[in-house]
Amino acid sequence: MKQRLAAVALLTLISATRSSELPSVEANDNRTPAGTLENDTLKIRLVVSIGRWFPEAADGPHVDVAAFSEEGKAPNIPGPLIRVRTGTTVSATVRNDLTDSTIWVRGLEARPAKPDSVALKPGETRKFTFRATSPGTFLYYARLGKVVAGGREREQIAGAFVVDPPGPVPPDRIMVINIWGDSIDRATYERAFTINGKSWPFTERIHANIGDSLRWRVINASIRGHPMHLHGFYFRVDSRGSMVADTLYPEA
């Protein structure tokens with residue numbers, strides 16, 4: 001408890017030194033797909049900018065971070081949900097509204113994909129056009145400048161990208177894991193672990209009836225190999241993928 005309270009105090013102190021005019025970052029529950037579908041093309045305009053993020057309560061600790069938004073809307077963590085049917089053409093633009101950082105964008109591409117990224121300098125806009133041909137669960141993200149090993153984590157600039165197969169799709173939920181972290185000194189590492197933009201105990205509650213089957217898509221948008229796990233549940237794993245491809249297992 002002492003460690004957690006110290007982290008909260010530090011997080012508030014850091015944020016108090018920055019602008020109070022920033023828009024608040026909204027937690028994205030990944031229920032509403034972003035963009036506009038015109039015939040067989042999804043058009044979406046994304047922006048990376050700075051917002052004030054409250055990973056716990058609305059009046060709790062906060063930090064100013066880079067985040068994705070749809071143009072003209074509040075920034076989101078995770079980023080806006082991109083969800084389309086197989087065969088849909090995705091036409092996405094990304095604008096870097098940061099004034100001091102180049103961003104590297106990855107994941108706005110057809111799968112399977114090559115491990116590659118596109119650099120956007122401050123103020124620059126790029127267009128990504130591709131056809132979503134492979135069903136699966138993927139993600140897109142942006143990295144700020146160079147990755148600083150052991151010094152910080154900036155995995156809040158990421159969102160879900162889901163390609164549904166033809167035909168009926170059973171109801172599901174999308175859970176995106178995001179982490180922000182920074183070294184304050186040699187002994188203190190400031191951090192926020194979130195699922196769909198919130199940290200426990202401020203996360204969403206899942207309600208179900210006895211006998212229900214729940215279908216989840218869990219996306220680890222962090223660089224950590226084991227950011228969460230669950231106990232006391234029975235699972236059937238339907239697919240397992242990565243940035244470049246998804247593997248759909250046959251029912252047998």
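The structure displayed is predicted, hence computed values, not measured ones.
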State, to 0.1 Å, how close [X] and [Y] come at their nearest heavy-atom pair, and which atoms those are.
| X | Y | result |
| --- | --- | --- |
| Phe128 | Val94 | CE1-CG2, 3.8 Å |
| Val176 | Ala160 | CG2-CB, 3.9 Å |
| Gly60 | Phe54 | O-CD2, 3.6 Å |
| Arg52 | Leu22 | N-CB, 4.2 Å |
| Ser134 | Pro112 | OG-CD, 3.8 Å |
| Val65 | Gln156 | CB-NE2, 3.7 Å |

Under a 4.5 Å side-chain heavy-atom rule over Ile, Leu, Val, Met, Phe, Trp and Tyr, are [X] and [Y] clustered together?
| X | Y | answer |
| --- | --- | --- |
| Leu42 | Leu81 | no |
| Val118 | Val47 | no |
| Ile174 | Ile195 | no |
| Leu214 | Met175 | yes |
| Ile103 | Ile50 | yes |

Nearest 0.5 Å please: distance from the [atom1] atom of [X] over to the [atom2] atom of [Y].
| X | Y | atom1 | atom2 | result |
| --- | --- | --- | --- | --- |
| Glu26 | Ile77 | CD | CD1 | 11.0 Å |
| His62 | Ser24 | NE2 | OG | 9.5 Å |
| Ser91 | Ile44 | OG | CD1 | 10.0 Å |
| Ile177 | Arg224 | CD1 | CZ | 11.5 Å |
| Arg217 | Ile219 | CZ | CD1 | 8.5 Å |
| Ser49 | Glu71 | OG | CD | 10.5 Å |

Taking Ser199 for the side chain and Phe193 for the main chain, is one N or O donor matched with an acceptor at less than 3.5 Å?
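At least one qualifying donor-acceptor pair exists.
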Please check: side-chain N/O of Ser101 versus main-chain N/O of Leu98, any donor-acceptor pairing under 3.5 Å?
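Pair absent, no side-chain N/O of Ser101 close to backbone of Leu98.
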Can you find a heavy atom in the side chain of [X] that is under 4.5 Å from one in the side chain of [Y]?
| X | Y | result |
| --- | --- | --- |
| Leu144 | Ile157 | yes |
| Thr125 | Leu120 | no |
| Pro166 | Thr86 | yes |
| Asn76 | Val25 | no |
| Arg154 | Trp180 | yes |
| Pro75 | Pro23 | yes |

So Thr102 and Glu124, side-chain contact (heavy atoms from CB on, under 4.5 Å) or not? Walk me through it.
CA-CA 9 Å; Thr102 294; Glu124 190 173 6; over 6 Å; no
In terms of the angle between their ring planes, are Phe161 and Phe130 parallel, tilted or perpendicular, with boundaries placed at 30° and 60°?
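Answer is perpendicular, since the angle exceeds 60°.
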Using the six-membered ring wherever Trp is involved, compare the ring planes of Tyr140 and Phe68 and label them parallel, tilted or perpendicular (cut-offs 30° and 60°).
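Perpendicular: the ring planes of Tyr140 and Phe68 meet at over 60°.
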Quick one: which residue pairs count as a ring-ring contact (aromatic ring centres under 6.0 Å, His included) with a foot in residues 28-47, not counting sequence neighbours?
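As it turns out, there is no ring-ring contact (aromatic ring centres under 6.0 Å, His included) pair with a partner in residues 28-47 once direct neighbours are skipped.
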Start with the C-alpha gap between Tyr189 and Glu153, add the side-chain angles, then the distance that decides, and say whether side chain to side chain donor-acceptor pair (under 3.5 Å) holds.
CA-CA 10 Å; Tyr189 189 72; Glu153 292 171 282; 3.0 Å; yes
Side-chain donor-acceptor distances from residues 243-252 under 3.5 Å, at least two apart:
from   : atom 1 : to     : atom 2 : distance (Å)
Asp246 : OD1    : Gly241 : N      : 3.3
Asp246 : OD2    : Thr137 : N      : 2.8

Under the side chain to side chain contact (heavy atoms under 4.5 Å, CB included) test, which residues partner Ser117, sequence neighbours left out?
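Side chain to side chain contact (heavy atoms under 4.5 Å, CB included) check on Ser117 returns Trp104, Arg106.
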Taking CZ in Arg111 as the centre, count heavy atoms belonging to other residues, nucleotides or ligands within less than 6.0 Å. Is the count above 12?
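Yes, enclosed.
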In chain order, what residues pass the side chain to side chain donor-acceptor pair (under 3.5 Å) check against Arg83, with sequence neighbours excluded?
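Testing Arg83 for side chain to side chain donor-acceptor pair (under 3.5 Å), a comparison that skips the adjacent residues, returns Asp164, Asp172.
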For the pair Asp97 and Arg95, find out whether any cationic side-chain nitrogen is under 4.0 Å from an anionic carboxylate oxygen.
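Yes, charged N to carboxylate O under 4.0 Å.
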Does Asp29 pair with Arg173 as a salt bridge, N-O distance under 4.0 Å?
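No, this pair does not count.
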Residues 30-41 side chain polar contacts: donor-acceptor under 3.5 Å, at least two apart:
from  : atom 1 : to     : atom 2 : distance (Å)
Asn30 : ND2    : Asn196 : OD1    : 3.0
Arg31 : NH2    : Glu204 : OE2    : 3.2
Glu38 : OE1    : Lys43  : NZ     : 3.1

Distance under 6.0 Å and angle within 45° of ring axis: Arg143 vs Tyr141
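Yes, Arg143 and Tyr141 form such a contact.
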Check salt bridge (charged side-chain N to carboxylate O under 4.0 Å, His left out) between Glu70 and all other residues, then give those that pass, not counting sequence neighbours.
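Partners of Glu70 by the salt bridge (charged side-chain N to carboxylate O under 4.0 Å, His left out) criterion, ordered by chain and then number, come out as Lys73.
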